[in-house]
Each structure stands twice: as structure tokens, then as C-alpha cells.
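The structure under discussion appears below in the form of C-alpha cells.
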Amino acid sequence: MPDTPQEKLEFTLTLYPEPVLRKQARPVAAFDEHLRATVDAMFERMRASQGVGLAAPQVGLNQRILVLNPSGEPQDDLALINVTILERSGPLTSFEEGCLSFPDIYAEVKRPQRCRIEAWTPQGERFEREFDGFTSRIVQHEYDHLEGVLLVDRMSPADKARHRAALAALVERYKARSLSGARK
Ligand code: ZN
């Protein structure tokens, strides 16, 4: 029997203020080959963009899928499907965050140091895990994306003022793109 051809997906980044970034993402219903191809392509996009985490809305998909890798080592790849944060704990810590949907914009964000999650693997196995420090921060940042919450909502008024021009430029770019799309 001939091998089934592997589905190969390729994603581009969805940038602020694309509407999909503001939607609450929907649970994944089928743990099938298409989901695994989606996860693989998200890891590829994340790596190619030099990110440490990526949420499905950032590639235009309204689904509860996150990929992350805090170290860049292949064995640290982690995919979280239908993830829920069960508990956040520890002191609030401040850290300068970036986001692939906001190129070249960085802002200090305060988050609890630890979080405990429930999620499913791409193979459909449920698990619980606790994260601390940098990995906990990535998980909480990416989880925000599934709820339609963005870096711009988490930054201080001072950072927002500092990035006003860059944010306005992203909005202009989006408007120009939508207009050229509408003419097609
Ligand atoms: Zn982000």
C-alpha cells in the first residue's frame, strides 16, 4: 500500500489589529492528523519567527491550540490543546514581553509567578502540569490569546503612550491591507 501523503501546512503571522485576535478561541473537537499537522506548522512558524510561544489565533485560527518552547531545544517543544489555567499563584513578577502579533513592541507585564494547567496532547491525552518562571509567563501570555486578550491590554499607560506611534502604524497597515483585499 502506498504511504498516505502527509498533510503539510504553512502559516503566516496574524498581526494586530486583525479581528481574529480579539475572538475567544473555540475548543478543538477532533484529535486527528489535521490537528497534528496544524501543531507542526505552528511550531515551524514560531521557530522561523524566533518566538518562544504561539497561539492559534496568531496564525488566523480560532482554536484553543498553543505551542511553546522556552529554551529552543527540540525536546522542550510543548503543545497544549484545549488548555485551561486551573490556578495562578506566587508573587506578581514584572517582565518585558514581546508578541509576534506586535512586531518590535515590548512592554513590562506583571503576572503571577506560577500557574497550573489542564490540557490535552495532540494525541488526545489529558494532563495537568505546573509551570514556574519564564515558562509560566509564556503559558499565561499565550493563554491570553485564546481569550482575545493582547499585549496592548496588559501594558501600562506609560508603555502605551511610548508605543502610540508603533501601534497606530500597525492599525494603518491593517486598514491598507483590508482595503486592497476588498478590491480583489
Ligand atoms: Zn502574543
Side-chain angles (χ1 to χ4, degrees), residues 3-18 20-23 25-28 30-85 95-109 111 115 117-125 127 129-152 154-155 163 166 169-170 173-174 177:
D3 286 337
T4 321
Q6 286 288 326
E7 186 182 11
K8 175 83 179 157
L9 299 173
E10 216 170 301
F11 293 132
T12 53
L13 289 174
T14 301
L15 301 183
Y16 175 81
E18 292 269 3
V20 67
L21 293 172
R22 285 302 191 187
K23 289 192 178 135
R26 294 202 194 97
V28 168
F31 290 80
D32 55 10
E33 286 307 317
H34 180 69
L35 172 63
R36 289 183 279 277
T38 300
V39 167
D40 286 349
M42 284 177 63
F43 274 119
E44 271 185 35
R45 181 70 271 161
M46 179 187 83
R47 263 188 260 286
S49 306
Q50 268 128 33
V52 290
L54 187 69
Q58 295 183 279
V59 292
L61 301 175
N62 186 25
Q63 296 190 329
R64 302 187 80 81
I65 306 172
L66 303 183
V67 300
L68 58 134
N69 186 319
S71 71
E73 301 296 330
Q75 70 269 19
D76 291 332
D77 273 359
L78 184 60
L80 305 177
I81 315 300
N82 294 348
V83 56
T84 304
I85 295 186
F95 189 83
E96 192 176 64
E97 295 187 8
C99 178
L100 293 178
S101 302
F102 292 83
D104 303 322
I105 294 178
Y106 297 87
E108 292 283 332
V109 178
R111 298 186 191 273
C115 66
I117 60 115
E118 170 192 61
W120 278 257
T121 67
Q123 286 72 35
E125 290 158 41
F127 65 101
R129 229 168 118 175
E130 186 163 70
F131 299 104
D132 199 345
F134 188 47
T135 310
S136 167
R137 181 163 288 273
I138 300 170
V139 169
Q140 292 181 67
H141 175 109
E142 300 310 333
Y143 184 81
D144 272 355
H145 278 294
L146 303 182
E147 299 298 314
V149 175
L150 299 173
L151 185 63
V152 68
R154 296 282 191 199
M155 59 176 73
H163 293 305
L170 281 172
R173 202 168 136 183
Y174 168 70
R177 245 192 346 260

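Being a predicted model, the structure only gives us computed values, none of them experimental. Values below: every heavy atom of this structure, side chains too, minus hydrogens, waters and symmetry copies.
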(request) Check side chain to side chain contact (heavy atoms under 4.5 Å, CB included) between T38 and all other residues, then give those that pass, not counting sequence neighbours. (result) L9, F11, H34, M42, L61, I65
(message) Under a 3.5 Å distance rule, please check whether E142 uses its side chain to pair with a backbone N or O of V139 as donor and acceptor.
(response) no
(request) Go through the structure and list residues passing salt bridge (Lys or Arg N to Asp or Glu O under 4.0 Å) with D144, not counting sequence neighbours. (result) R111, R154
(request) Sequence neighbours left out, what passes salt bridge (Lys or Arg N to Asp or Glu O under 4.0 Å) with E130? Give chain and number order. (result) none
(request) For D132, enumerate each residue passing the side-chain hydrogen bond (donor to acceptor under 3.5 Å, both in side chains) test, keeping only those at least two apart in sequence or located in another chain. (result) Q113
(message) For R173, give me all partners under salt bridge (Lys or Arg N to Asp or Glu O under 4.0 Å), at least two apart in sequence or on another chain.
(response) none
(message) For the backbone of G51 and the side chain of S49, can you confirm whether one donor and one acceptor N or O come within less than 3.5 Å of each other?
(response) no
(message) Could you check whether any side-chain N or O of H145 sits under 3.5 Å from a backbone N or O of A56, counting only pairs where one atom can act as donor and the other as acceptor?
(response) no
(request) Sort and list the pairs that fulfil salt bridge (charged side-chain N to carboxylate O under 4.0 Å, His left out) and have at least one residue in residues 49-73, not counting sequence neighbours. (result) R64-E147
(message) Do H141 and C99 have side chains that approach each other closer than 4.5 Å (heavy atoms only, starting at C-beta)?
(response) yes
(request) Taking all non-hydrogen atoms of both residues into account, name the closest pair between C115 and I85 and its distance. (result) CB-CG2, 4.2 Å
(message) Holding to side chain to side chain contact (heavy atoms under 4.5 Å, CB included), I want the full list of residues that pass it with R47, two or more places apart in sequence or in another chain.
(response) F43, N69, D77
(message) Among residues at least two apart in sequence or on other chains, which ones pass ring-ring contact (aromatic ring centres under 6.0 Å, His included) with F95?
(response) F134
(message) Can you tell me how far apart OH (Y143) and CD1 (I117) are? Round to the nearest 0.5 Å.
(response) 10.5 Å
(request) Taking all non-hydrogen atoms of both residues into account, name the closest pair between A166 and I105 and its distance. (result) CB-CD1, 3.7 Å
(message) Counting C-beta onward and ignoring hydrogens, is there a side-chain heavy-atom pair between L15 and P103 closer than 4.5 Å?
(response) yes
(request) Using modelled atom types only, decide if a donor and an acceptor are shared between the side chain of N82 and the backbone of V28 within a distance under 3.5 Å. (result) yes
(message) Distance check, rounded to the nearest 0.5 Å: M155 atom CE versus L150 atom CG?
(response) 9.5 Å
(message) Could you measure the distance from the CG atom of L21 to the CG atom of L151? Nearest 0.5 Å is fine.
(response) 11.5 Å
(message) When you compare the side chain of V83 with that of E118, does any pair of heavy atoms fall below 4.5 Å?
(response) no
(request) List in chain and number order the residues that pass ring-ring contact (aromatic ring centres under 6.0 Å, His included) with Y16, two or more places apart in sequence or in another chain; answer none if no residue qualifies. (result) F102
(message) Using every non-hydrogen atom in the two residues, find where R22 and V152 come nearest and quote the distance to one decimal.
(response) NH2-CG1, 3.8 Å
(request) Identify, with sequence neighbours excluded, every residue that meets side chain to side chain contact (heavy atoms under 4.5 Å, CB included) alongside E108. (result) S94, E96, D159
(request) Search all heavy atoms of L68 against all heavy atoms of M46 and return the closest pair with its distance. (result) CA-SD, 3.9 Å
(request) Mind checking the OG1-OH spacing from T14 to Y174? Nearest 0.5 Å is all I need. (result) 10.5 Å
(message) Are the side chains of D76 and T135 in contact, using a 4.5 Å heavy-atom criterion?
(response) no
(request) Using the side-chain contact (heavy atoms from CB on, under 4.5 Å) rule, take L100 and L54 through it: C-alpha gap first, then chi angles, then the decisive distance, then the call. (result) CA-CA 8 Å; L100 293 178; L54 187 69; 3.8 Å; yes
(request) Could you tell me whether the side chain of R129 and the main chain of A119 form a donor-acceptor pair under 3.5 Å? (result) no
(request) Please name the pair of heavy atoms, one in S101 and one in L170, separated by the smallest distance, quoted to 0.1 Å. (result) O-CD1, 4.4 Å
(message) Could you work out, with side chain to side chain contact (heavy atoms under 4.5 Å, CB included) as the rule, every residue matching E10, not counting sequence neighbours?
(response) none
(message) Is the shortest side-chain heavy-atom distance between E18 and Q58 below 4.5 Å?
(response) no
(message) Just verifying a value: how many Å separate F131 CZ and Q140 CD, rounded to the nearest 0.5 Å?
(response) 11.0 Å
(request) For the residue pair I138 and P70, establish whether any side-chain heavy-atom pair is separated by less than 4.5 Å. (result) yes
(message) If the condition is salt bridge (Lys or Arg N to Asp or Glu O under 4.0 Å), which residues does R26 pass it with, not counting sequence neighbours?
(response) none
(message) Looking at P122, is its backbone amide N or carbonyl O close enough to the side chain of R36 to form a donor-acceptor pair, meaning the two atoms are under 3.5 Å apart?
(response) yes
